[in-house]
Number of protein chains: 2
Amino acid sequence: MNFSQFCPLTTLLTPLPYTATFLETFTIKDIARELNISTSTVSRALRGSYEINPETKRLVMECAERLNYRPNPIALSLKGSGTRAIGVIVPQIANYFFSQAINGIEAIAYNRGYHVIIFQSHESYEREVANVEQAMSRRVDGLLLSLSSETSDVTYLRELHDKGVPIVLFDRVSSELEVTKVVADNFKGAFAATEHLIQSGRRRIAHLTIQPWLSITQERLAGYRAALEKYGLTYDENLVRYGTFGPNEVGPMVDELMALPVAPDAFFTASDRLAVGCLTALRQRNLTIPDDVSLIGFTNLNVAELLSPSLSTVVQPAQEIGQVAAERLIDLIERKHRAQPVGTVRIATELIARDSTRLPEHIMARLATASPEDQKSKPRDFVLSI
Amino acid sequence: MNFSQFCPLTTLLTPLPYTATFLETFTIKDIARELNISTSTVSRALRGSYEINPETKRLVMECAERLNYRPNPIALSLKGSGTRAIGVIVPQIANYFFSQAINGIEAIAYNRGYHVIIFQSHESYEREVANVEQAMSRRVDGLLLSLSSETSDVTYLRELHDKGVPIVLFDRVSSELEVTKVVADNFKGAFAATEHLIQSGRRRIAHLTIQPWLSITQERLAGYRAALEKYGLTYDENLVRYGTFGPNEVGPMVDELMALPVAPDAFFTASDRLAVGCLTALRQRNLTIPDDVSLIGFTNLNVAELLSPSLSTVVQPAQEIGQVAAERLIDLIERKHRAQPVGTVRIATELIARDSTRLPEHIMARLATASPEDQKSKPRDFVLSI
DNA sequence: TTGTAAGCGTTATCAC
DNA sequence: GTGATAACGCTTACAA
């Protein structure tokens, strides 16, 4: 599409010059042609680089403005000046955590003039690699990714990183990669959740969680154990279950746990799905909250709100994680910090406690008067002897 | 990065030639240089166009394979052969409907070799226009969009469409644009919801809905009215409320409605948010479901599941809408159908009825024995005289 | 059947 | 200060 096509000479001579409308796309060539100067001059004027005649510059700017000139990002990319696009690879978009994270990413990216190209790995290692390759072939300026649960070998990312490609991991990170990472403070979150359950009078806290090899799983488990330890409760591995539970698999798991010699009096779940699955299972089995058990989830705010008032929760700061991750990545891309310290940023989680977690007051009162030994030795009595 | 850099001549002469590893990026030049032929020959061999010496072709293919050659999509775009990317513009990613829709879009796009570039309008007309402009400047092959609630003037899209840019609208569509549209069957969905409430014994059904000028709002209202009419109930505009309610604005609305001379005995809400807000408001006011009122929402499946068993719902087929929209768009881009009929595709909605909507059996029984006139004349008596 | 050269929009490196 | 020119990776007339 050439300028002359829209702006015949006669128009050029009129006092009111042709003005571009929405989405007509002009190039520096068009500007050069109208002003009878060379494209290089136009280019220079536009980015104000070399010393250029102020008058020429003014003319160029004015003309560019009038024609609504927009540099062609594709040509820029070909020249190697970056695409101002970042690739985001997540396991699933239709997962509240990730869609909120993407929301945060997009907000930052937009403000800083970047675009977001989304890829889903669908929890498949192979597809994740393909996605990365695709993103690179589109010459994204950087990569933001949350690893698939299948991914254990990250050498392909290390190669990339060694080649200088800016990479930031978020949420699902790998300890085998020395890149910037942004995660929720899973340890503190799990600690707070467990502590809250203990302070609510619970002693046998089951923990339903996801794949054991994920860093987030390990951190949460560590927080859970640390809280138990602080209150002198023994860690019982029978109470911890790992997996990729479908909605109908949580029920049997709950049954199994409730059939233990000493059944749990609380559940701490590690995800939206698990929280919902567990809640449903408990309801179906006519177990009431908080009389029979407590439930606390590691969930996203909106999900927690939907489930309210049944669910106490540790809120995952999904959006903020996305924001911080995007910020760090773009800083890296633009080399804001010559030597950005490669480290892990932990975003604080928030505990939202609902009454449903807490034992009824009269039982709490009884608990308070019991000696600590008493509490430890016969914990379930206090809870289920209602 | 040149081939010679990785593949010194000596290597070339060995029986086991150099093989590229992940993400080394070679060009047709590299292939040409290694095979001592011209880049054009390589290009032709690669896309099998002109008749080319089968042997040459074989050599080229083999070499391309070995070097893991990937055409540079940016160079292709510059040539004007399309970017194999589609722009998706939605009001909000972190909205379950849209994230599911995007999920469907991405799935189809991936299968057909396209990438998805996401933009959020944040319900702002201005930003929507900016997004479209950005998408076009990135030379996306087509546009998939769901209009912001602020958008009433769509001439900018008409211009684009007239220029031949493939466009498909989904969910939030405009009647002023003659493009392919993909929407949920809002009329039937609303009809089914309303009918279900009526069949569950309700007679004064309030309808909380979103902005009145949106097509989806109008279609739903039409379905609601049609169902009322079918059962001989009069339409009362006092029972219909429009708006962009925040979570704390639904409560007062519910109060207002319950304070009407003849209060509603059911609520039909038009979105996740409204359903949740309404549910919360009812709970806070100690109104029980279904004893006091019924509630049915126009929501997404996962949200409904989260709220289960409190909420009967008409499920929005978000993912399928995304899939169909993406399919139609890519068909358009690839001109599968020379003259694709421009029309509106309506994806069926599904009614999920939970017991919570239905009046208790003994009341239903009383209702059944009452004469139709009786039912019409004193509807609330039947419902609230429990 | 293959090679040469122009061009897509832009910037950088030269000259002038 | 400004204008040619080459280059980015690729496709495609046109020539050979």
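Reminder, nothing fancy here: chain letters follow the sequence lines and each chain counts from 1. As a basis for the values below, the full set of heavy atoms in this structure was taken, side chains included, without hydrogen atoms, waters or symmetry mates.
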K.L.:
For A:Lys29 and A:Thr39, find the nucleotide of DNA chain C closest to each by heavy atoms; which residue's nucleotide sits nearer the 5' end?
P.N.:
A:Lys29
K.L.:
Check whether B:Tyr110 forms a cation-pi arrangement with A:Arg127 (NZ or CZ under 6.0 Å from the six-membered ring centre, at most 45° off the ring normal).
P.N.:
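Yes; both conditions hold, so A:Arg127 lies above the ring face of B:Tyr110.
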K.L.:
Between B:Ala75 and B:Asn53, who's closer to the 5' end of DNA chain C by nearest nucleotide?
P.N.:
B:Asn53
K.L.:
Ignoring hydrogens and geometry, is there a side-chain-to-backbone donor-acceptor pair from A:Ser81 to A:Ser77 under 3.5 Å?
P.N.:
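No, because the side chain of A:Ser81 does not come within donor-acceptor range (under 3.5 Å) of the backbone of A:Ser77.
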K.L.:
By the 4.0 Å heavy-atom rule, please label A:Thr56 as base, sugar-phosphate, or nothing.
P.N.:
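Sugar-phosphate: the residue A:Thr56, judged by heavy atoms under 4.0 Å, touches backbone atoms but no base.
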K.L.:
Just how far, in rounded Å, is C1' of D:dA4 from CG of A:Asn36?
P.N.:
16 Å
K.L.:
If the cut-off is 4.0 Å, is A:Ser38 near the phosphate of D:dT2, judged by side-chain N/O to OP1 or OP2?
P.N.:
no
K.L.:
Does one side chain, of A:Glu123 or A:Ser148, offer a donor that lies under 3.5 Å from an acceptor on the other?
P.N.:
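There is no such pair (donor and acceptor under 3.5 Å, judged by atom type) between the side chains of A:Glu123 and A:Ser148.
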K.L.:
Could you give the NZ-to-C1' distance, from B:Lys57 to C:dT2, as a whole number of Å?
P.N.:
15 Å
K.L.:
When you measure from the side chain of B:Arg47, which nucleotide among C:dT10, C:dT2, D:dT11 comes out closest?
P.N.:
D:dT11
K.L.:
Record whether the side chain of B:Ser40 comes under 3.5 Å of the base of C:dT4 through a donor-acceptor pair of N or O atoms.
P.N.:
yes
K.L.:
Once you round it to whole Å, what is the distance between P of D:dT11 and CG of B:Leu76?
P.N.:
5 Å
K.L.:
Looking at every strand, decide which applies to B:Ile28 at a 4.0 Å heavy-atom threshold: base, sugar-phosphate, or nothing.
P.N.:
base
K.L.:
Distance alone, cut at 3.5 Å: any donor-acceptor contact between the side chains of B:Glu106 and B:Tyr114?
P.N.:
no
K.L.:
Return the value, rounded to whole Å, for the distance between atom CZ of B:Arg138 and atom P of C:dG9.
P.N.:
17 Å
K.L.:
Pick base, sugar-phosphate or nothing for A:Ile37, based on heavy-atom distances below 4.0 Å to the nucleic acid.
P.N.:
sugar-phosphate
K.L.:
Could you tell me how far apart B:Arg58 (CZ) and C:dT1 (P) are, to the nearest whole angstrom?
P.N.:
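One finds 17 Å between P of C:dT1 and CZ of B:Arg58, rounded.
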K.L.:
When the distance from CG of B:Asn72 to C1' of C:dC8 is rounded to whole Å, what number comes out?
P.N.:
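Value for this atom pair: 13 Å.
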K.L.:
Using only heavy-atom distances, determine whether the side chains of B:Asp141 and B:Thr83 contain a donor-acceptor pair under 3.5 Å.
P.N.:
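A donor-acceptor contact under 3.5 Å links the two side chains.
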K.L.:
Which whole-number value in Å describes the distance from B:Ile74 CD1 to D:dC10 C1'?
P.N.:
12 Å
K.L.:
At less than 3.5 Å, do the side-chain atoms of B:Arg44 and the base atoms of C:dG3 form a donor-acceptor pair?
P.N.:
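When only heavy-atom distances are counted, B:Arg44 does reach the base of C:dG3 through a donor-acceptor pair under 3.5 Å.
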K.L.:
I need the CZ-C1' distance between B:Arg33 and D:dG9, as an integer number of Å.
P.N.:
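Value for this atom pair: 13 Å.
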K.L.:
Please confirm whether any donor atom in the side chain of B:Lys79 sits under 3.5 Å from an acceptor in the base of C:dG7, or the reverse.
P.N.:
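Yes.
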